[in-house]
Engineer: 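Take a look at the following structure, please.
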Amino acid sequence: MEGALERTEPIRLGYVGCGFMAQAVHLPNFSTLSGCRLLALAEVRPGLARAVAERFRIERIYSSHLELAEDPDIEAVGVSAGFGQQGEIAADLLRSGKHVFMEKPMAVSVAQAERLLEAASQGGARLMVGYMKRHDPGNVLARETIARWQAEGDAGDVVYARNHGFCGDWLSRLDRSSLISTDEPMPQATVDDLLPDWLPAEQRSGYVGYLQQYTHNINLLRYLLGAGDEVAVRSTDLDADGIRGLVVLDAGGVRAVVESGGIAYHDWDEHTQVYFQRGWVHAWSPPLMARESQARVEVYRGGEGAAFTHPVPPAGWAYREEAAAFLRCLRSGEEFRSSGRDTLTDVRLFEEIYRRHLGV
């Protein structure tokens with residue numbers, strides 16, 4: 001496949017950004033995976049860059065992603081930056097021929113997402129977007145069960161699906177005291193010129209907030225149902241904040257509902273259920289930063305001999321599993337589970353959701 005590195009030695013990786021998510025998640029993962037040599041770090045705050053590079057034993061420091069893009073030894077780059085700016089950074093890297101792993105959302109508009117795909121085509125590079133829920137071993141087990149039932153037909157057709165996401169403590173009481181910080185100012189960046197041109201200024205905050213949070217939920221529903229790009233918005237019922245409420249999708253011919261909201265909760269309140277005519281598969285997502293937890297799965301088969309089972313997924317933290325998958329797919333040529341092309345669907349759906357919400 002185009003873009004496959006087709007070898008067994010470690011991928012030579014650079015990373016852009018060393019803020020919270022980079023330090024708490026991605027740099028620890030990539031720096032300790034056997035398939036990776038973490039070689040370079042790009043960060044606009046020089047003091048922070050030096051300190052973080054020393055902690056993770058990163059040899060090369062660059063003041064910008066454009067400098068890193070010129071390093072001929074770097075084959076792939078991870079990106080952690082602001083919701084809109086990370087897409088622009090990723091596009092520059094892709095055009096330079098670097099394979100890219102980036103945080104979600106891929107983009108804050110369809111226009112920006114399409115520019116990323118064009119950049120990947122120009123550079124002959126591959127893009128993976130960080131939807132780590134698709135790599136949670138419990139969600140993988142749930143998807144495998146749903147796919148098997150869809151193929152065998154014994155449980156009948158899929159008749160309904162829902163994702164409930166009222167959030168809570170996504171950090172799982174994470175101790176942040178070990179994270180490195182400095183008093184260096186972070187350059188201010190705006191996403192206004194990257195947002196859809198039809199979006200009113202007073203709705204920008206709600207749109208970005210809903211997009212960055214619930215893109216996970218819609219992406220997970222598409223994955224569990226195997227719906228691909230065959231998804232459309234049927235209706236929206238969001239509160240004035242543009243976040244709390246209901247969205248109804250048609251996902252591969254299945255009514256799929258997203259319930260969004262926010263509550264004060266010490267744990268994490270998110271679960272996804274796919275109903276068949278004669279049973280269901282139900283997965284409860286753990287707090288995102290709970291390193292020792294996987295999605296909890298319940299399988300119910302109705303009819304004669306009805307029974308519940310609770311299969312136990314393999315151990316594995318979703319964030320670490322996705323990092324390992326990025327490296328593995330680069331070496332083997334295997335398709336990314338959340339490629340840039342696939343993720344364009346999520347960006348399209350969020351524009352559709354907000355157009356319906358605002359009536360524009």
Side-chain angles (χ1 to χ4, degrees), residues 131-166 214-237 246-261 267-288 293-318 321-322 325 334-339 342-343 345-346 349 352-353:
Y131 286 103
M132 81 292 178
K133 293 179 188 291
R134 289 190 174 198
H135 297 272
D136 182 301
N139 288 331
V140 173
L141 189 156
R143 171 57 195 152
E144 290 172 347
T145 303
I146 291 166
R148 185 172 66 252
W149 285 15
Q150 289 173 318
E152 294 173 352
D154 293 346
D157 297 329
V158 179
V159 295
Y160 187 77
R162 65 185 283 256
N163 175 281
H164 169 91
F166 273 22
Y214 289 98
T215 186
H216 269 309
N217 304 58
I218 288 179
N219 183 275
L220 181 60
L221 269 172
R222 293 198 302 112
Y223 169 66
L224 292 177
L225 291 168
D229 187 50
E230 296 181 22
V231 186
V233 180
R234 296 178 63 159
S235 65
T236 63
D237 182 10
L246 300 174
V247 169
V248 182
L249 307 173
D250 183 313
V254 175
R255 181 182 288 107
V257 176
V258 179
E259 304 167 3
S260 58
D267 205 336
W268 187 250
D269 184 28
E270 179 189 343
H271 53 97
T272 309
Q273 192 164 9
V274 176
Y275 293 84
F276 288 74
Q277 290 173 302
R278 291 181 289 280
W280 68 63
V281 179
H282 199 167
W284 286 262
S285 293
L288 282 65
S293 299
Q294 302 80 45
R296 178 168 54 90
V297 180
E298 174 185 86
V299 178
Y300 171 70
R301 289 299 296 261
E304 187 175 350
F308 288 96
T309 58
H310 298 87
V312 179
W317 186 32
E321 295 298 314
E322 77 172 354
E334 176 187 347
E335 291 286 344
F336 294 135
R337 201 169 290 170
S338 51
S339 68
D342 177 82
T343 302
T345 299
D346 301 297
L349 288 170
E352 290 182 19
I353 288 168

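The figures that follow rest on heavy atoms only: side chains count, while hydrogens, waters and symmetry mates do not.
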Engineer: Could you check whether any side-chain heavy atom of Pro313 comes within less than 4.5 Å of a side-chain heavy atom of Val140, counting everything from C-beta outward?
Structural biologist: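 Pro313 vs Val140: side chains apart.
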Engineer: Grab the two heavy atoms, one from His135 and one from Ala318, that are nearest each other, plus how far apart they are.
Structural biologist: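 Minimum heavy-atom separation between His135 and Ala318: CB-O, 3.9 Å.
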Engineer: Scan for side chain to side chain donor-acceptor pair (under 3.5 Å) pairs involving residues 152-164, sequence neighbours excluded, and state none if there are none.
Structural biologist: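 Output for this query lists Arg162-Glu259, Asn163-Asn217, Asn163-Thr272, His164-Glu259, His164-Asp269.
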Engineer: With a cut-off of under 6.0 Å to the ring centre and 45° to the axis, is Arg301 in cation-pi contact with Trp149?
Structural biologist: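 Judged by the rule (NZ or CZ under 6.0 Å from the ring centre, within 45° of its axis), Arg301 counts as positioned above Trp149.
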Engineer: Got more than 12 heavy atoms from elsewhere within 6.0 Å of CD, Gln277?
Structural biologist: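 Above 12, so yes.
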Engineer: Closest approach of Ala142 and Ala283, non-hydrogen atoms and distance?
Structural biologist: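 Answer, listing the atom of Ala142 first, then Ala283: CB-CB, 4.3 Å.
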Engineer: To the nearest 0.5 Å, how far apart are CG in Leu220 and CD in Glu270?
Structural biologist: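 Answer for the CG-CD pair, Leu220 versus Glu270, is 6.5 Å.
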Engineer: Charged N to carboxylate O under 4.0 angstrom, Glu321 versus Arg337?
Structural biologist: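 Salt bridge absent between Glu321 and Arg337.
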Engineer: Between Tyr223 and Ser338 (side chain of the first, backbone of the second, donor and acceptor by atom type, cut-off under 3.5 Å), is there such a pair?
Structural biologist: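 Checked: no pair found.
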Engineer: Looking only at heavy atoms, which two atoms of Arg278 and Gly156 are closest? And how far apart?
Structural biologist: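 Closest heavy-atom pair between Arg278 and Gly156: NH2-N, 3.2 Å.
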Engineer: Nearest heavy-atom pair of Tyr300 and Ala306: which atoms, and what distance?
Structural biologist: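 That would be OH-CB, 3.6 Å.
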Engineer: Is there side-chain contact between Thr236 and Glu352, with heavy atoms separated by less than 4.5 Å?
Structural biologist: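 They are not in contact (no side-chain heavy atoms under 4.5 Å apart), so the answer is no.
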Engineer: When you check the side-chain N and O atoms of Glu298 and Trp280, is any donor under 3.5 Å from an acceptor?
Structural biologist: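 Present: a donor and an acceptor within the cut-off.
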Engineer: Test: side chain to side chain donor-acceptor pair (under 3.5 Å). Region: residues 136-145. Which pairs qualify, not counting sequence neighbours?
Structural biologist: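 Sorted result for residues 136-145: Arg143-Gln150.
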Engineer: Please name the pair of heavy atoms, one in Gly252 and one in Ala227, separated by the smallest distance, quoted to 0.1 Å.
Structural biologist: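 For Gly252 and Ala227, the tightest heavy-atom pair comes out as N-CB, 4.1 Å.
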Engineer: Mind checking the CZ-CZ spacing from Phe336 to Arg134? Nearest 0.5 Å is all I need.
Structural biologist: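 Phe336 atom CZ to Arg134 atom CZ measures 13.5 Å (nearest 0.5 Å).
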Engineer: Between Lys133 and Leu288, what is the shortest heavy-atom contact and its length?
Structural biologist: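 Looks like NZ-CD1, 4.0 Å.
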Engineer: Side chains of Leu349 and Arg222: does their closest heavy-atom pair fall under 4.5 Å?
Structural biologist: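 Touching, per the 4.5 Å side-chain cut-off.
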Engineer: I want to check something: taking the side chain as every heavy atom from C-beta on, are Ile353 and Tyr214 in contact at a cut-off of under 4.5 Å?
Structural biologist: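 No; the side chains remain at least 4.5 Å from each other.
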Engineer: Here's a test for you: under side chain to side chain contact (heavy atoms under 4.5 Å, CB included), which of Val231, Val233, Asp346, Thr345 qualifies with Ile218?
Structural biologist: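 Per the side chain to side chain contact (heavy atoms under 4.5 Å, CB included) rule, the option paired with Ile218 is Asp346, out of Val231, Val233, Asp346, Thr345.
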